[in-house]
Visitor: 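Sharing a structure below in structure tokens format, with a few things to ask.
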Amino acid sequence: MKDKNPKIIFFGSPEFALPTLKLLVQKKYNIALVITQADQPIGRKQILTPTAVKILAKKLNLSVSCELNFEKIKKLKPDLGIVVAYGKFIPKEIMDLFTFGVLNLHPSALPKYRGPSPIQTAILNGDKKTAVTLIKLDQQMDHGPIIGTKSVKIKENETAETLHNKLAELGAVLLLKILPDYLAGKIKTVPQKHQQASYTKLLARNDGKIQWQKKAEEIAYQLRAFYPWPGSFTEVNFKNLGTKRVKIISGDVSPSLKGLVAGDFKIDKNNFLVQCGQNSLNIKKLQLAGKKEIIVAEFIRGYGKNIESLK
RNA sequence: CGCGGGGUAGAGCAGUUGGCAGCUCGGCAGGCCCAUAACCUGCAGGUCGUGGGUUCAAAUCCCACCCCCGCAA
């Protein structure tokens, strides 16, 4: 059948998957089923919330399932699977049900940065460019042969948030551009150079703790890489409030401060400088636990006199 | 009922033995200066989140509700 209208099952969960799903629908592809993760308790009140993909799929009147049901998928006789940030492993017997196999978008220049945090890791390492890669899924994580790739510059002020959005859009466009040729059998896949592979780890909340003995440049990378999640924070002792966790939203590298060691700070008019292992960080925006994001000038007005030390 | 912080001038904050509502910045007017984000003088700007209660008197104590945020997931 259906070079023209293959029966597609879409796997995805968070926002990263939305542009691709939107574009597929817009281009009139036949999405037979959307599979996403189960609703998760989320937010302060632990309200059971569906994934971003589920919300969109319902809005588009697509059928949605939250489970990987072998029989159900088999019955659909799907032609193609498309996985974008699904978040779960897809077993081989399910993969084998798809005539054209299962494709996966990964936000890095594979084989570099396999695993769960490629976007953040690229910024954290100070990379100047990254990519989104379309691969054909195989048995191992982010390991399958490459179908297409689209590279992108990482700008000076890029955060994980902006880069995430950019790659999500570019990935969608890349997939849709290649899809017709792929289905027509015109695409030759290229195996990854596995010996060059590198892996990223799952980020945890505590990875955001700032180590002031690091170079200011590295800390500046971290601020952008971990924004908005998990964020970068430090503990501040206030004379009047005790110790509070303070999130550092953004800051620039600045020359070293004479006579200060890593972790010491200096408030100079509207600047809040913290000495690092090398150079210092000129903090621009921050947020106290329980308060909103504020620019540093406002922080100094309200809290400047009461800062005792940083940890 | 997951834990916790908060709502006071345009902004960020202080202000509980209940007793005239404050600080820094910004705004406006004027001054100084070659000049300035510097400095000096003056002015404006508040239903202290909302609704009840206690009291001679509530930002402050009690009750209910609304909103914002941090943690956790």
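It should be emphasised that the depicted structure is a prediction, and the values quoted were computed from it without experimental measurement. Numbered from 1 within each chain, the chains take letters A, B, ... in sequence-line order.
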Visitor: Please report the distance, rounded to the nearest Å, between CZ in Phe238(A) and C1' in C13(B).
Guide: 11 Å
Visitor: Sub-3.5 Å donor-acceptor pair from the side chain of Asp79(A) to the main-chain atoms of Lys7(A), do we have one?
Guide: yes
Visitor: Select from Pro230(A) and Gly302(A) the residue whose nearest nucleotide in RNA chain B is closer to the 5' end of that strand.
Guide: Gly302(A)
Visitor: Taking CD1 from Ile295(A) and C1' from U24(B), how many angstroms apart are they, rounded to a whole number?
Guide: 14 Å
Visitor: For the side chain to side chain contact (heavy atoms under 4.5 Å, CB included) test, which of Ile82(A), Val84(A), Leu68(A), Val34(A) pairs with Phe11(A)?
Guide: Leu68(A)
Visitor: Tell me whether the side-chain N/O atoms of Lys291(A) come closer than 4.0 Å to OP1 or OP2 in C13(B).
Guide: yes
Visitor: Is there a Watson-Crick or G-U wobble partner for G46(B) with both distances under 3.5 Å, and if so, which one is it?
Guide: none
Visitor: Side chain of Tyr303(A) only, heavy atoms from C-beta on: which candidate in G5(B), C13(B), C71(B) is closest?
Guide: C13(B)
Visitor: Suppose you measure atom C1' in A58(B) against the same atom in G51(B); what distance do you get, rounded to whole Å?
Guide: 15 Å
Visitor: Checking contacts here: which listed nucleotide (A14(B), A72(B), A11(B)) is nearest the side-chain heavy atoms of Glu298(A)?
Guide: A11(B)
Visitor: Sort out the partner of C56(B) for me: Watson-Crick or G-U wobble, both distances under 3.5 Å, none otherwise.
Guide: G19(B)
Visitor: Between P on G49(B) and NZ on Lys292(A), what's the gap in Å once rounded to a whole number?
Guide: 14 Å
Visitor: In this structure, how many angstroms lie between the C1' atom of A72(B) and the CH2 atom of Trp229(A), rounded?
Guide: 12 Å
Visitor: At under 4.0 Å between heavy atoms, what does Gln287(A) touch on the DNA or RNA strands: base, sugar-phosphate, or nothing?
Guide: sugar-phosphate
Visitor: Distance check needed: A11(B) P versus Phe299(A) CZ, whole Å only.
Guide: 19 Å
Visitor: Looking only at atom C1', what distance separates A64(B) and G26(B), rounded to whole Å?
Guide: 37 Å
Visitor: Can you tell me how far C1' in C40(B) sits from the matching atom in C32(B), rounded to whole Å?
Guide: 7 Å
Visitor: Among G12(B), A14(B), G5(B), which nucleotide sits nearest the side chain of Lys244(A)?
Guide: G5(B)
Visitor: Expressed as a whole number of Å, how far does the C1' atom of U47(B) sit from that of A29(B)?
Guide: 28 Å
Visitor: Whole-Å distance between A37(B) P and Arg301(A) CZ?
Guide: 15 Å
Visitor: Would you mind reading off the distance between Asn206(A) atom CG and C71(B) atom P, rounded to a whole angstrom?
Guide: 11 Å
Visitor: According to the Watson-Crick and G-U wobble definitions, with both distances under 3.5 Å, which nucleotide is paired to C3(B)?
Guide: G70(B)
Visitor: Between A9(B) and G2(B), how far apart are the C1' atoms? Round to whole Å, please.
Guide: 38 Å
Visitor: How are the rings of Phe299(A) and Phe272(A) set relative to one another: parallel (under 30°), tilted (30 to 60°) or perpendicular (over 60°)?
Guide: parallel
Visitor: Give me the distance, rounded to whole Å, that separates G10(B) from C71(B) when you measure between the P atoms they each carry.
Guide: 29 Å
Visitor: Nearest-Å distance, CG (Leu288(A)) to P (C13(B))?
Guide: 8 Å
Visitor: For the atom pair CG (Asn271(A)) and NZ (Lys284(A)), what is the distance rounded to the nearest 0.5 Å?
Guide: 6.0 Å
Visitor: Distance between the C1' atoms of C61(B) and A11(B), in whole angstroms?
Guide: 31 Å
Visitor: Side chains of Gln192(A) and Arg114(A): donor-acceptor distance under 3.5 Å anywhere?
Guide: yes
Visitor: Across all strands, who's sitting opposite A29(B) as a Watson-Crick or G-U wobble pair, both distances under 3.5 Å?
Guide: U41(B)
Visitor: Quick check on RNA chain B: between Lys305(A) and Ile300(A), whose nearest nucleotide comes earlier from the 5' end?
Guide: Ile300(A)
Visitor: For the C1' atoms, the ones on C34(B) and on G42(B), what distance do you get once it is rounded to whole angstrom?
Guide: 26 Å
Visitor: Grab the two heavy atoms, one from Lys291(A) and one from Tyr303(A), that are nearest each other, plus how far apart they are.
Guide: CE-OH, 3.6 Å
Visitor: Report, as yes or no, whether the 6.0 Å neighbourhood of atom CD on Glu217(A) holds more than 12 heavy atoms from other residues, nucleotides or ligands.
Guide: no
